[in-house]
Amino acid sequence: MDKDEHPLAPPGAGELLAEVEAAHTALRTAHRTTPPTATGTGAAGTPHGHGTAPDEAGLRAHFEKVIADDRKIEPRDWMPDAYRRTLVRQIAQHAHSEIVGMQPEANWLTRAPSLARKTILLAKVQDEAGHGLYLYAAAETLGVHRADLLDALHEGRQRYLSFINYPTLTWADTGALAWLTDGAAIVNQVPLCRSSYGPYARAMVRVCKEESFHHRQGFDSLWALTHGTPAQRQMAQEAVDRWWYPALAMFGPPHHASVHSEQSMAWRIKRFTNDELRQRFVDICVPQAELLGLTPPDAHLRWNDDRGHYDFTPPDFDELTRVIKGDGPCNRQRLAHRRRAHDEGAWVREAAAAHAAKHRTPHHGPHPAATTAPATVDEAAADEAAA
Amino acid sequence: MTGPPAPDARRDWPLWEVFVRARRGLAHTHAGSLHAPDAHLALHHARDLYTRRGEGVSLWVVPAAAITATSPDEKDPFFDPAADKPYRHPAFFALPEGAEHL
Ligand SMILES: [Fe+2]
Ligand SMILES: [Fe+2]
């Protein structure tokens, strides 16, 4: 492969990363309170608390004002039950997708074509586990327990994204999956960095920064194949043929048929319609496909000068519904594997808990800032490692 | 702080809050939370979860249950005493023309 020809970044990727950075900066500065003026108190709404019965209308008005001002709701704020339920459903579904989503690529870890590709893929799969953990932690700030969310996943009461139920038939599928579905995830998730719920927005900033490595390594893997032998090029094209529509379906049903979209947008949990995001993804992807020399499997895909967007054939939403309901090519396999992994890990969790119970000491150590207390790592050693 | 009700100890490990010092000269900053059976494993999980890309040179983990927080939300009257003392900000004082280094 000729490194000189390698594009620095897939077109469109830099823009998305800049949006993540901007959202991150906004999070860091959003809650800076303005200094009080000589006359005002700087406090919005009616304070409530200790001893006084909270007045629901006042609390709701304050909640709505925070949303309208584009500020963040934090875990201990009052929030409507439906807002809490919507967030739990969405964040749990997202967390489940991260951890079940490790499976299609994990299939190929032991069969990667080189040690370099193997270590990169392993790092990506580890990141997905991390994303699951950030998101379960964000969900827990809403008063639910991770163990209950995992039960809901294992019992099929909560879902994960439909694309995970498709198989990775060849090595090229790992590249196509990362380029297309991680790419679609980024387009979906970048606006979530500005979601109205603070812990979710903060988790999404971390997730998006890491997703861009996933996206990039997928593109790089396909680039290597499309600059290889004719058989490798064909393998890459066939993988893209398989993953194009599962990726487009990730944005969900069209806006008019989406049950939760309207309310989620009003609460600024979600900021764009499914259709707007799907269009944005297609617009970003087509020039990348051209660079790779690969063709998305859509005969009607073409630039529309009037709209300033690509026209494309939407995914088969009936198929999406069927796969979400459990009737995709790998649903049973994915869920069975998840349950087995959880059950087979039970002895490790129990042993660690038993060990902790045996060695439990009261938390009366010195201030961790003062000295090397037990629960800190050695900075000097970390500096060495970084050097 | 991020505080769900204490997890059922039989079903999940306790919750810890993680603080990361990004580099020398900076204070530890809250990075997120995780579950772990004890402080030792909490540090290991924190390293694997929050510093996979060299984001830190030092970590603190604190049992979430050990944190005492103001309550019940982010507009607590607890903070009212600061609301009527604008003179604590230097910009409160008008300066005459020509006053420098002040
Ligand atoms: Fe992810
Ligand atoms: Fe990813």
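Throughout, a chain's letter reflects where its sequence line sits, starting with A, and its residues are numbered from 1. Note that this is a predicted model, so its numbers are computed, not measured.
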Checklist outcome for this item: CG of B:L15 to CD of A:E140, rounded to nearest 0.5 Å, is 6.0 Å
Checklist outcome for this item: d(A:K209 NZ, B:R53 CZ) to nearest 0.5 Å is 11.0 Å
Item to check | Contacting moiety of B:Y87, where chain A heavy atoms sit under 4.5 Å | outcome: neither
Next on the checklist: Just verifying a value: how many Å separate B:E55 CD and A:R206 CZ, rounded to the nearest 0.5 Å?
Outcome noted: 5.5 Å
Next on the checklist: Given heavy-atom pairs under 4.5 angstrom as the criterion, report whether the side chain, backbone, both or neither of A:D151 touches chain B.
Outcome noted: side chain
Item to check | A:Y134 OH to B:L34 CG distance, which is reported to the nearest 0.5 Å | outcome: 11.0 Å
Item to check | Residue part contacting chain A, namely of B:R23, when any heavy atom lies under 4.5 Å | outcome: neither
Checklist outcome for this item: Okay, B:L41 and chain A: the region with an atom under 4.5 Å from a heavy atom over there is side chain
Checklist entry - For the residue pair B:P37 and A:A356, what are the closest heavy atoms and their distance? => result O-CB, 3.2 Å
Item to check | Atom pair NE2 (B:H35) and CZ (A:R349), whose distance is rounded to the nearest 0.5 Å | outcome: 12.0 Å
Item to check | Validation row: B:R52, A:D127 side chains within 4.5 angstrom (heavy atoms) | outcome: yes
Next on the checklist: Check A:K358 with B:D38, please: is the shortest side-chain N to carboxylate O separation under 4.0 Å?
Outcome noted: no
Checklist entry - Does A:R146 offer a backbone N or O that forms a donor-acceptor pair with the side chain of B:R11 under 3.5 Å? => result no
Item to check | Winner by heavy-atom pair count (cut-off under 4.5 Å) against chain B, out of A:H355, A:E350, A:E210 | outcome: A:E210
